[in-house]
Q: 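Mind having a look at this structure? Questions to follow.
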Amino acid sequence: MVDHRYTRYVALGDSQTEGLGDGDDVQGLRGWADRLAEQLVRQSPGLLYANLAVRGRLAGQVRAEQLAPALALKPDLATVVAGVNDLLRPRFDADEVAGHLEAMFAALTGQGARVATLTFPDASRITPLARPVGPRVTALNARIREAAARHGVLVAETAGPPVVTDPRLWSPDRLHASPLGHTRIAAAVAHALALPGSDDSWTRDLPADPRAASGLRALGGELRWAGSFLGPWLVRRVRGRSSGDGRQAKRPELLPVLALD
């Protein structure tokens with residue numbers, strides 16, 4: 001029987017794990033890892049939680065910057081989610097990215113932590129302009145599954161269910177989950193961990209959205225997104241800048257968690 005009680009949970013990753021799209025930098029970010037910690041503490045009173053994730057980080061940077069601090073915190077549960085920023089770079093190498101992830105899986109499980117990760121939805125199902133990224137997502141997800149299997153890492157298969165590309169689960173930039181999306185991700189990881197009370201309800205479709213755009217309205221939305229989000233992102237890439245430049249982890253130390261409704 002698996003013991004679902006944990007004492008120290010550490011989250012490693014990039015902007016999604018940091019919580020972008022769920023709150024803001026003024027009032028604070030919540031995000032799926034925070035939401036998962038809030039579920040964990042219901043079974044594990046006294047749980048301590050650290051979130052080392054920083055936006056904009058590539059998988060290799062997550063490994064270089066976050067793995068050693070994570071190991072020093074001696075987690076009995078860790079989540080490792082990275083690779084999306086790599087997918088969007090011109091020189092993407094699925095084997096290289098998966099290698100960084102596998103090194104983190106190996107180190108954390110080797111120290112005795114239970115580890116969970118995610119697969120990624122095909123971005124072209126969220127915005128047609130991202131269609132060239134589709135094969136990259138498929139390749140990386142396959143390698144994540146293989147690496148996870150070699151180290152006993154649990155995989156939340158957020159790549160598959162049709163609901164994961166519902167626009168209501170995404171923030172306006174289409175790169176980060178909305179509060180509802182972060183809630184679904186947390187539920188997916190909880191389900192992968194087989195936490196008491198978790199189930200596959202996170203995979204279920206939302207009610208039909210009568211406001212869903214189609215035809216010219218949908219095209220107009222694509223053009224507005226390209227101008228508001230894609231353009232500035234490309235400018236940062238050309239200038240060699242990142243949204244995470246100069247930023248530190250929001251929760252670098254293990255701290256108590258409050259259970260929220």
Side-chain angles (χ1 to χ4, degrees), residues 11 13-23 29-40 53 79-85 87-88 116-145 148 153-215 217-222 224-225 229-230 260-261:
D14 52 30
S15 57
Q16 205 78 287
T17 300
E18 186 184 351
L20 264 67
D22 190 7
L29 297 171
R30 194 176 181 190
W32 71 264
D34 287 21
R35 292 175 179 273
L36 177 64
E38 292 157 11
Q39 294 182 52
L40 289 164
T79 52
V80 178
V81 179
V84 168
N85 292 313
L87 285 166
L88 301 174
T117 191
L118 307 174
T119 53
F120 302 114
D122 181 353
S124 66
R125 292 162 55 201
I126 302 165
T127 177
L129 290 175
R131 189 167 290 113
V133 177
R136 294 182 171 194
V137 176
T138 300
L140 181 57
N141 282 341
R143 287 161 176 80
I144 288 172
R145 294 182 187 104
V153 170
L154 299 168
V155 180
E157 286 285 357
T158 56
V163 72
V164 300
T165 56
D166 188 305
R168 289 167 288 183
L169 269 60
W170 295 88
S171 64
D173 68 8
R174 303 184 189 175
L175 293 173
H176 302 101
S178 66
L180 178 57
H182 279 283
T183 299
R184 291 277 180 130
I185 296 170
V189 179
H191 188 213
L193 290 168
L195 295 184
S198 65
D199 56 31
D200 67 353
S201 59
W202 66 272
T203 66
R204 296 173 192 165
D205 291 342
L206 297 173
D209 183 1
R211 300 169 299 173
S214 60
R217 283 184 59 204
L219 176 60
E222 290 295 307
R224 286 191 296 274
W225 171 78
F229 299 106
L230 180 60
L260 301 178
D261 293 330

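None of these values were measured; they are calculated from a predicted model.
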Q: side-chain contact (heavy atoms from CB on, under 4.5 Å) with Ala53: which residues, sequence neighbours excluded?
A: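 Partners of Ala53 by the side-chain contact (heavy atoms from CB on, under 4.5 Å) criterion, ordered by chain and then number, come out as Thr17, Glu18, Asn51.
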
Q: With sequence neighbours excluded, give me every salt bridge (Lys or Arg N to Asp or Glu O under 4.0 Å) pair touching residues 190-199.
A: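 Pairs touching residues 190-199 that pass the test: none.
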
Q: Keeping the roles fixed (side chain from His182, backbone from Leu20), state whether a donor-acceptor pair exists under 3.5 Å.
A: yes

Q: Mind listing the closest non-hydrogen atom pair of Val163 and Leu169 along with its distance?
A: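 That closest heavy-atom pairing would be O-CD2, 3.5 Å.
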
Q: Run the salt bridge (charged side-chain N to carboxylate O under 4.0 Å, His left out) test against Asp34 and tell me which residues pass, sequence neighbours left out.
A: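 Result, salt bridge (charged side-chain N to carboxylate O under 4.0 Å, His left out) vs Asp34: Lys250.
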
Q: Pair up each side-chain donor or acceptor in residues 184-197 with any protein partner under 3.5 Å, not counting sequence neighbours, and list the distances.
A:
from   : atom 1 : to     : atom 2 : distance (Å)
Arg184 : NH1    : Trp202 : O      : 2.7
Arg184 : NH1    : Arg204 : O      : 2.7
Arg184 : NH2    : Arg204 : O      : 3.4
His191 : ND1    : Trp202 : NE1    : 3.3

Q: Of the non-hydrogen atoms in Pro121 and Thr165, which two are nearest, and what is the gap between them?
A: CB-CG2, 4.4 Å

Q: State, to 0.1 Å, how close Ala159 and Val164 come at their nearest heavy-atom pair, and which atoms those are.
A: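 Closest pair (atom of Ala159, atom of Val164, distance): O-CG2, 4.2 Å.
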
Q: Mind checking whether Leu206 and Leu180 have side chains closer than 4.5 Å, heavy atoms only?
A: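 Yes. Closest side-chain heavy atoms under 4.5 Å.
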
Q: According to side chain to side chain donor-acceptor pair (under 3.5 Å), who are the partners of Ser171, at least two apart in sequence or on a separate chain?
A: Asp173

Q: Taking only residues two or more places apart in sequence or in another chain, which ones pass side chain to side chain donor-acceptor pair (under 3.5 Å) with Thr119?
A: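 Testing Thr119 for side chain to side chain donor-acceptor pair (under 3.5 Å), a comparison that skips the adjacent residues, returns Glu157.
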
Q: Sequence neighbours left out, what passes side chain to side chain donor-acceptor pair (under 3.5 Å) with Ser178? Give chain and number order.
A: none

Q: Using 0.5 Å steps for rounding, measure from the CZ atom of Phe120 to the OG1 atom of Thr158.
A: 7.5 Å

Q: Looking at every heavy atom in both Val155 and Leu118, which two are closest together, and how far apart are they?
A: CG1-C, 4.5 Å

Q: Not counting sequence neighbours, which residues clear salt bridge (charged side-chain N to carboxylate O under 4.0 Å, His left out) with Arg136? List them please.
A: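 Checked Arg136 against salt bridge (charged side-chain N to carboxylate O under 4.0 Å, His left out); zero matches.
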
Q: Could you tell me if the side chain of Gln16 sits less than 4.5 Å from the side chain of Val84, heavy atoms only?
A: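 No, every pair of side-chain atoms sits at 4.5 Å or beyond.
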
Q: If I compare all heavy atoms of Asp205 with all of Pro162, which pair ends up nearest, and what's the gap?
A: OD1-CB, 4.3 Å

Q: Where is the tightest heavy-atom contact between Ser15 and His176, given as atom of each residue plus distance?
A: OG-NE2, 2.8 Å

Q: Distance-only, no hydrogens or angles: does the Asp22 side chain make a donor-acceptor pair with backbone N or O of Arg30 under 3.5 Å?
A: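 Judged by distance alone, no pair lies under 3.5 Å.
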
